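Written below as structure tokens is the structure these notes are about.
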Amino acid sequence: GEDVEQSLFLSVREGDSSVINCTYTDSSSTYLYWYKQEPGAGLQLLTYIFSNMDMKQDQRLTVLLNKKDKHLSLRIADTQTGDSAIYFCAELGQAGTALIFGKGTTLSVSS
Amino acid sequence: DAEITQSPRHKIIETGRQVTLACHQTWNHNNMFWYRQDLGHGLRLIHYSYGVHDTNKGEVSDGYSVSRSNTEDLPLTLESAASSQTSVYFCATLRAHGETQYFGPGTRLLVL
């Protein structure tokens, strides 16, 4: 079945780079997403990547996709305390509309 | 601006009671979803709808029902609430296949 795995926790110092990793099982996934959830809030789309791309950069965010290994990563450059949140990796399910989410990675940024 | 809203934002109910969580969107999106978020499980799909009068079961649909009488609303009903349904519930919409899902702010439900 479809499954998305993420490490649960990451701690970094302000100014360092953060790398959040994700693996997925459905090789037919066409889109992969990164969402951010701040405490007490809903999910905010950070970025997404289409499966025919290897990399996508958007300001401080870099998404890398290794389709062969079904591995997705999100790199946040110059991490700030405001980046502290839970980050969810998600793949587009076989139905083509519903998302399959990982359990989320809690990013803690210390000053 | 177009948006997606959920109500109530917080709710406490007794076990066995019925409760309906509202989701309303003004984007005119056909596709709407309900997820629940629990510690250690991430977000799991409860029900979804591809359009008016269409509803489908997701991964964790037992104990929940939805109806879609118009494009804007997808209410989620717990017919007889159980403590296991204590969770944060998120509604989401999607315009078309492959596009981005947008999430509402969530409803925190506590079943005592």
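So that the names make sense, note that chain A is the first sequence line, chain B the second, and so on, each numbered from 1. Bear in mind that the values here come from a model prediction, so they are computed numbers and not experimental data.
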Is it the case that more than 12 heavy atoms not belonging to [X] sit under 6.0 Å from its [atom1] atom?
X        : atom1 : answer
A:Phe101 : CZ    : yes
B:Arg17  : CZ    : no
B:Leu112 : CG    : yes
A:Gln59  : CD    : no
B:Arg108 : CZ    : no

Self-check item: From CD1 (A:Ile100) to CG (B:Leu43), nearest 0.5 Å
Solution: 11.0 Å
Quiz prompt | Nearest-0.5 Å distance, CG of residue B:Leu39 to CG of residue A:Leu8 | solution = 9.0 Å
Quiz item: B:Gln37 versus chain A, heavy atoms under 4.5 Å apart: side chain, backbone, both or neither?
Solution: side chain
Quiz item: What part of B:Leu45 lies closer than 4.5 angstrom to a heavy atom of chain A: side chain, backbone, both or neither?
Solution: side chain
[X] side chain near [Y] side chain, heavy-atom distance below 4.5 Å:
X        : Y       : value
B:Phe33  : A:Leu99 : no
B:Gln101 : A:Tyr35 : yes
B:Phe90  : A:Gln37 : yes

Self-check item: B:Ile12 reachable from B:Val19 in the ILVMFWY side-chain graph, under 4.5 Å edges
Solution: no
Quiz item: Which atoms of A:Leu43 come close to chain B, meaning under 4.5 Å heavy atom to heavy atom: side chain ones, backbone ones, both, or neither?
Solution: both
